[in-house]
Structure formats: structure tokens, C-alpha cells
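Structure, as C-alpha cells:
Order of listing sets the numbers, starting from 1, for every ligand and every atom in it. By convention here, the first residue in the shown sequence is residue 1.
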Amino acid sequence: MRPRIMTVYGTRPEAIKVAPVIKALEASDEFDSVTVVTGQHREMLDQVNELFGIVPDHDLSIMSHGQTLAQIFARVIDGLDPILEKEEPAAVIVQGDTSTSTAAALAAFYRKIPVIHLEAGLRSGDISSPFPEEANRKITTQIAALHLAPTDVSRANLLAEGVDESTIVITGNTVIDALLMTVGKDRPFADPALEALAASGRRILLVTTHRRENWGGAMESVGRALARIALAFPELEIVLPAHRNPIVREAVLPHLVGLANVTVTEPLGYGEFTRMLALSTVILTDSGGVQEEAPSLGKPVLVMRENTERPEAVTAGTVRLIGTDEERIVASVTELLTDTATYQSMARALNPYGDGKSRERVLQSLKNLTSSRK
Ligand code: UD1
Ligand code: UDP
């Protein structure tokens, strides 16, 4: 019998990063693949599954507006446990540091099913930022049987915490697999305004924001900074695919009303978003995944956070941490838009997070794990 590998995921970034692995598992004749979505996200998750042609075997449908972290965690564990009992997987894959990811890891651990942690070993060094992700990652590290680290840096973080060297494999980050499977196909934008923008050749500032620790005052300051940038650079177009979280929208969007050169959209499908990344001049974001993708496309990234668990591209010079202070955001974007030397020094394509073949290393690691446990 082929080992059954269960992949559990629930949010947009997890879906993007597990999609290449699920496709590889489905194509392999060595494994039986079972997929479970928790539905922590709904529309933003479904968009990704549709793009990659993944139809989940189980859907816990846990999303409800305004639910607390504890409610998400409890609903995942409660919903997943009977599925683990029924499916009896040989191993469970979880990705990253969301509530879905850590709750699923714990549910599997309680049933003594080995946990495979994709994107293991990221650390900001500050338990309160990103919140609750830094804690989630550390908890999953404690219970994982196999740690699939994207880079040397993440491997070193795990070793420094005493993780057994023989359980760590550097695979690269599967986000680069997803990116290379998607970018360059130039899927049409659903919104005709974006298609017209793409044809215009105008400079684009692409913005995403959603981090929990930036809710409230920090996001208000992002909104004010964007309004000032829009007025200072009338030839520039600011594109903001707004996260579906109402808390995010209420903080940022009121500042952008009536500005002719700001386009606020619904979350873009991954195909559209990677096309927009490639068209953009500068990226302003607090996203983890975008910090990993943009350097591969040679796009300068300004990160609206005080720290990052992804220092590789900062060291390489394509990513800068700028925080959420309004003046600093305006000054940092202005510098990149007006100082060619600074821009050129950041706009170098490099791939610190992966070569697009991470899924192959993930499958090899799974083979090694399942054959050693037979
Ligand atoms: C979650 C993850 C975060 C990850 C982010 C990616 C946790 C604690 N947080 O944060 O690590 O970086 O996803 O985007 O796991 N909503 C919808 N439709 C959707 C998605 C969200 O309406 O498709 C709304 C709902 O009101 C939902 C809210 O957004 O309650 C927040 O979603 P939630 O998953 O709790 O947190 P995120 O901030 O998205
Ligand atoms: N993304 C997308 N559509 C959008 C915005 C982002 O497909 O409108 C993708 C982006 O390319 C990246 C991922 O979503 O791969 C990042 O998700 P998010 O910022 O929500 O979460 P994080 O990476 O911060 O956990």
C-alpha cells in the first residue's frame, strides 16, 4: 500500500505554497494524496485551489467573520480530529505559521502521526511580532518529525534551538515553485482598469497589507502615507488589492477615497497578482510571501514591519525594512521613485528562497521518512 500523505491548509499563502507539493504528490505513483482545507480563509483560499486545479477531499469551512484566534484554533482541532481518525495518514504536511498550520500539527501529534513542517525555521526573534505567527512556528517546531527549511538561515535557527540535525532538510521555499509555475503566463486581469494600466506602461506602486500587529494606528498611517504619495506623484498608479479582512479595509481605504491614481481591487487571483508584481516598479508590503517572490522578479520591496523572519533578501539588498511610520514610508517610496542609483541597487533579480524545484526535494524527504518508518 502506498503511504497516504495528508496536506492540511487554510489560508491563501499556505494554499500557494502547498499547491506545488500537492500537484507533485498527485502525479507521483509512490504516494496517496489526501487534502484537507480548514477554510480559515474562504474566497482567498478557493481562488488558489481553482488556479492550480486542486479539489480538496475535506473542507472544515471554519471561517466566520470576527472570530478569535482561540476559536480558529479550536475549530481546526475539533474538525480535523475525526478526519485523521478516518484517513489514518502516514504523515501530515503543514505549512508555515498560521493558526490552521499549528492547530493541524497539534491534532496530528495527538494521534501520533508524524508532522512534516514545510517552511520550518523562520524566526523574527520577537515572540510578539509577527503575532501570533512567531509563537505558532516555534510550537510546530517542537512537535514536527521532519523540518523542511527553506534556507541555510532557517536551518541554523533550528539547530540553535536544539533540533536534531538529522530531522532537518533544506528544500528551498515552495513559493518559488508556485511563482515559476504561474508568472509569465500573463493571464488577463478581470478588471479592465488593470488591463488598461498594464498597456499604459505607467509606473506602478503595488501595495498589500494585512498583518495583525499593524491593525489600527499603523494601518491608518499606511493609508495617510499612500494618499500623500498619490498626490506627490500624479503619473504613478498605486494598486492596492485589499485583503478581505474588514479590519484592514476600515483602517486603510477611507484615506484613499477620491484619489484618481489609486486603484483598490478585491484580492487578485494568484495569476493576476504575479503578473502585477512583474509589472510593478516598487512593492510596498507587510506580507511574508511577497518578500520571497519579489526578489526573484528583481523588484525592490519596502517592508512595512519592524523586523522580518526573512532576512536573506534584506542582506542581499533587494528588501528594506521601513516600519509603518508615515514619514518613513513617504520618504522611502520617494527615494526609490526619484533616485535611479538607489533603485538600480535594489532592483536585482536573485533567488535566495528557492530555485523552483523545492517540491522535488520535499517528495524525496517524504520518501526517506516513510521508508524509514515502515
Ligand atoms: C491569516 C494568518 C496570517 C497570514 C494571513 C494571510 C493566522 C493567525 N493569521 O491572517 O498568518 O499571514 O492569513 O493572508 O493564522 N476574510 C474573508 N475572506 C477570506 C479571508 C479572510 O472574508 O477569504 C476575512 C474574515 O472576516 C476573517 C478575516 O478576514 O475573519 C481574518 O482572517 P484570519 O484568517 O483570521 O486572519 P488573517 O489576518 O487573514
Ligand atoms: N497574493 C495574491 N493576491 C493578492 C495579494 C497577494 O495571490 O491580491 C499572494 C502573493 O503573491 C503571496 C501571497 O498571496 O504569494 C501572500 O499572502 P499574504 O500576504 O496574505 O500572506 P503572508 O505571506 O503574509 O502570510
Just jot down the ligand 2 atoms closer than 4.0 angstrom to any heavy atom of [X], in number order.
X	value
I16	9 (C), 13 (C), 14 (O), 15 (O)
P267	8 (O)
R211	24 (O)

Given Q71, H243, E133, which one has a non-hydrogen atom that is nearest to atom 9 (N) of ligand 1?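 Result: the heavy atom closest to atom 9 (N) of ligand 1 is in E133.
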Who's closest to atom 17 (C) of ligand 1 heavy-atom-wise, of R12, M63, R211?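 Ranked by closest heavy atom to atom 17 (C) of ligand 1, first place is M63.
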[X] with [Y]: basic N within carboxylate O range, under 4.0 Å:
X	Y	value
E119	R137	no
R42	D59	yes
E235	R202	no
R361	D177	no
E272	R275	no
E133	R211	yes
E266	R249	yes

Can you tell me the protein heavy atom closest to [atom] and the distance?
atom	result
atom 8 (O) of ligand 2	L268 N, 2.8 Å
atom 22 (O) of ligand 1	H65 CE1, 3.2 Å
atom 25 (O) of ligand 2	P13 CG, 3.4 Å
atom 31 (C) of ligand 1	N245 ND2, 3.4 Å
atom 7 (C) of ligand 1	Q40 NE2, 3.5 Å
atom 23 (O) of ligand 2	G289 N, 2.7 Å
atom 35 (O) of ligand 1	I72 CD1, 3.5 Å
atom 4 (C) of ligand 1	H210 CE1, 3.7 Å
atom 17 (O) of ligand 2	R12 NE, 3.5 Å

Flag yes if more than 12 heavy atoms outside [X] fall under 6.0 Å of its [atom1] atom; otherwise flag no.
X	atom1	result
E88	CD	no
F52	CZ	yes
K23	NZ	yes

Do E30 and L363 have side chains that get closer than 4.5 Å, going by heavy atoms?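 Not touching, per the 4.5 Å side-chain cut-off.
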Kindly indicate whether the side chain of L179, heavy atoms from C-beta on, has any atom under 4.5 Å from the side chain of Y270.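 Yes, side chains in contact.
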Do any nitrogen or oxygen atoms of [X] come within less than 3.5 Å of a nitrogen or oxygen of ligand 1?
X	result
Q67	no
W215	no
H41	yes

Which atoms from ligand 1 have a heavy atom of [X] less than 4.0 Å away?
X	result
S99	7 (C), 8 (C), 15 (O)
R42	19 (C), 23 (O)
S64	30 (O)
M44	19 (C), 20 (C), 23 (O)
R212	35 (O)
E43	17 (C), 18 (N), 19 (C), 22 (O), 23 (O)
G66	30 (O)
L69	8 (C)

Extract all donor-acceptor atom pairs below 3.5 Å that involve side chains of residues 258-265 and protein atoms in other chains or at least two apart in sequence.
| residue | atom | partner | partner atom | Å |
| --- | --- | --- | --- | --- |
| N261 | ND2 | A230 | O | 2.9 |
| N261 | ND2 | F233 | O | 3.1 |
| N261 | ND2 | L236 | O | 3.0 |
| T263 | OG1 | E237 | OE2 | 2.5 |

Any side-chain donor near an acceptor of the partner, [X] and [Y], under 3.5 Å:
X	Y	answer
T102	T140	yes
E161	N157	no
Q40	S99	no
T100	T38	yes

Heteroatom distance test ([X], ligand 2): nitrogen or oxygen, under 3.5 angstrom:
X	answer
P241	no
G269	no
K17	no
E293	yes
G288	yes
D286	no
S287	yes

Apply side-chain hydrogen bond (donor to acceptor under 3.5 Å, both in side chains) to the pair S287 and T208, showing each step before the final yes or no. CA-CA 7 Å; S287 162; T208 77; 4.7 Å; no
Classify the contact between Y270 and ligand 2 as side chain, backbone, both or neither, using a heavy-atom distance cut-off of under 4.0 Å.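 Both backbone and side chain.
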Report the part of P267 in contact with ligand 1, treating N, CA, C, O as backbone and CB onward as side chain, heavy atoms under 4.0 Å; options are side chain, backbone, both, neither.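 Near ligand 1, P267 shows nothing, with every heavy atom at 4.0 Å or more.
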Quick one: look at P132 and ligand 1, take heavy-atom pairs under 4.0 Å, and tell me if it's side chain, backbone, both or neither.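 Under 4.0 Å from ligand 1, P132 contributes side-chain atoms alone.
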OG1-CD distance between T7 and E14, expressed to the nearest 0.5 angstrom: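 Interatomic distance, T7 OG1 to E14 CD, rounded to 0.5 Å: 11.0 Å.
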Looking at H117, R123, H147, which one forms a side-chain hydrogen bond (donor to acceptor under 3.5 Å, both in side chains) with T141?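 One option only clears the test, and that one is R123.
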